[in-house]
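Reading through the structure tokens given below for one structure.
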There are 2 protein chains.
Amino acid sequence: MLSKKSKYAIKALLGLAEHGSDEPMRIADLARQESLPQKFLELILLDLRNAGVVQSRKGKGGGYLLARPAERIMLGQVVRLFDGPLAPVPCASQTAYVPCADCADEATCGVRLAMKEVRDATARILDQTSLAAVRRKQAAAARKGGRS
Amino acid sequence: MLSKKSKYAIKALLGLAEHGSDEPMRIADLARQESLPQKFLELILLDLRNAGVVQSRKGKGGGYLLARPAERIMLGQVVRLFDGPLAPVPCASQTAYVPCADCADEATCGVRLAMKEVRDATARILDQTSLAAVRRKQAAAARKGGRS
DNA sequence: ATATACTCTATATGATTGATAGACTAAAGG
DNA sequence: CCTTTAGTCTATCAATCATATAGAGTATAT
């Protein structure tokens with residue numbers, strides 16, 4: 001399951017992407033626009049900032065903006081930041097490998113072999129899907145749904 | 001993350017598949033062989049039985065066996081049984097769709113569009129991988145690792 | 001200076017996970 | 001039958017995690 005943090009983070013980033021990179025967007029506005037609990041969103045944005053995904057400015061006229069073009073912010077980084085490794089089991093993770101304590105022979109562990117395929121498929125998708133790509137999908141879906 | 005229940009369930013089922021379908025295997029033996037906590041395994045096997053994945057026999061000479069050939073037991077069923085829907089968000093689930101309470105327009109929700117791809121990829125893998133297929137992968141990996 | 005708006009730490013709490021205990025029931029076999 | 005064997009079922013529990021909320025603190029613009 002995707003945590004609320006990841007979900008809210010993606011929504012917030014999409015909101016920032018839509019807002020544009022000219023001037024910062026305030027937390028309060030972002031929370032209202034995306035229907036996110038503001039105080040919770042603050043924590044999320046803080047994590048995103050510490051990870052270098054967004055930038056912030058304090059004081060009047062301050063707020064948040066994307067730290068780089070939406071084309072270069074991948075969902076994989078966001079999901080890993082809040083939910084940890086993509087792999088269903090730690091021993092199948094590429095970026096955060098941890099061996100199983102109990103596993104007798106990892107190389108031939110059935111669970112690991114199957115879950116490695118899942119993790120690879122997930123990583124292929126999330127590491128190649130940028131915020132900009134999501135926005136394009138949204139636009140395409142809107143066009144499709146709109147022809148009634 | 002895959003829960004321990006799912007992980008143990010797959011291990012136990014692989015153990016039963018290896019044991020063969022001639023005679024039942026006792027919980028205690030299965031737990032020892034696969035290094036699983038026995039009392040916990042009992043609950044897992046009970047769920048698997050209620051789901052029709054395994055059969056049980058009571059009394060002397062009793063135990064558990066697969067309810068159908070290993071070729072026809074898919075990982076997807078097992079994982080769904082213990083961890084729920086494969087989709088990272090309920091609104092992207094095929095088998096257990098639940099709309100988001102807050103979502104303004106589901107058709108163009110960016111999170112949903114991206115996560116639907118993840119769920120489809122995951123389902124493609126887990127619903128097409130049988131216990132027998134996993135066993136073949138294990139054998140192949142053993143051959144590969146064994147040429148030292 | 002002062003209002004603005006992000007920053008940081010602490011806390012609550014409810015659900016979920018992983019696991020254990022023990023009483024109960026059905027079947028086999030003498 | 002009656003005893004042994006082995007699965008069945010319910011309750012409970014500790015620990016962890018997820019989802020927030022509160023409030024004091026800090027930097028910035030004007």
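Note on naming: letters A, B, ... go to the chains in the order of the sequence lines (proteins, then strands), and numbering restarts at 1 for each one.
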Does any pair with a residue in residues 16-72 of chain A pass ring pair (Phe, Tyr, Trp, His ring centres under 6.0 Å), and if so which ones, sequence neighbours excluded?
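Listed by first then second residue: Tyr8(A)-Phe40(A).
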Which residue pairs pass the ring pair (Phe, Tyr, Trp, His ring centres under 6.0 Å) test with at least one member in residues 78-136 of chain A, sequence neighbours excluded?
none
Ionic contact status for Asp127(B) with Arg80(B), cut-off 4.0 Å
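Answer for the salt bridge query: yes.
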If you assign Gly59(A) and Ser3(A) each to the DNA chain D nucleotide with the nearest heavy atom, which residue ends up on the more 5' nucleotide?
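Its nucleotide being nearer the 5' end, the pick is Ser3(A).
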For DNA chain C, the residues among residues 23-57 of chain B that have a non-hydrogen atom under 4.0 Å from it
Pro37(B), Lys39(B), Phe40(B), Leu43(B)
Heavy-atom contact window of chain A on DNA chain C, given 5' to 3' at under 4.0 Å
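Endpoints of the contacted stretch of DNA chain C: dT4(C) to dT9(C).
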Look at Tyr8(A) and dA20(D) and indicate whether a side-chain polar atom (N or O) is within less than 4.0 Å of OP1 or OP2.
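Yes, because at least one side-chain N or O of Tyr8(A) sits under 4.0 Å from OP1 or OP2 of dA20(D).
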Validation: residues 26-33 of chain B side-chain donor-acceptor distances under 3.5 Å, sequence neighbours left out:
unit_1   : atom_1 : unit_2   : atom_2 : d
Arg26(B) : NE     : Asp29(B) : OD2    : 3.2
Arg26(B) : NH2    : Asp29(B) : OD2    : 3.1
Asp29(B) : OD1    : Arg32(B) : NH2    : 3.4

Name all residues meeting the side-chain hydrogen bond (donor to acceptor under 3.5 Å, both in side chains) criterion together with [X]; count only those two or more places apart in sequence or in a different chain, and write none if there are none.
X: Arg72(B); result: none
X: Gln38(B); result: none
X: Asp105(B); result: Thr108(B)

Could you state the [atom1]-[atom2] distance from [X] to [N], rounded to the nearest angstrom?
X: Lys60(B); N: dT5(D); atom1: NZ; atom2: C1'; result: 8 Å
X: Lys5(A); N: dT21(D); atom1: NZ; atom2: P; result: 13 Å
X: Lys4(B); N: dA15(D); atom1: NZ; atom2: P; result: 17 Å

If you fit an axis to the five pairs at each end of the helix from dA1(C)-dT30(D) to dG30(C)-dC1(D), how big is the angle between those two axes, to 10 degrees?
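Comparing the axis at each end, I get an angle of 10°.
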Which value, rounded to the nearest 0.5 Å, describes the distance between Ile73(B) atom CD1 and Arg68(B) atom CZ?
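Here the rounded value is 5.0 Å.
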Donor-acceptor list for residues 46-57 of chain A side chains, cut-off 3.5 Å, not counting sequence neighbours:
unit_1   : atom_1 : unit_2   : atom_2 : d
Arg49(A) : NE     : Ser56(A) : OG     : 3.1
Asn50(A) : ND2    : Leu46(A) : O      : 3.4

Residues which pass side chain to side chain contact (heavy atoms under 4.5 Å, CB included) with Ala96(B), listed by chain and number, not counting sequence neighbours:
Pro85(B), Ser93(B)
Which residues pass the salt bridge (Lys or Arg N to Asp or Glu O under 4.0 Å) test with Glu71(B), sequence neighbours left out?
Arg136(B)
If you look at every strand shown and take non-hydrogen atoms under 4.0 Å, does Phe82(A) touch a base, only sugar-phosphate, or nothing?
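No contact.
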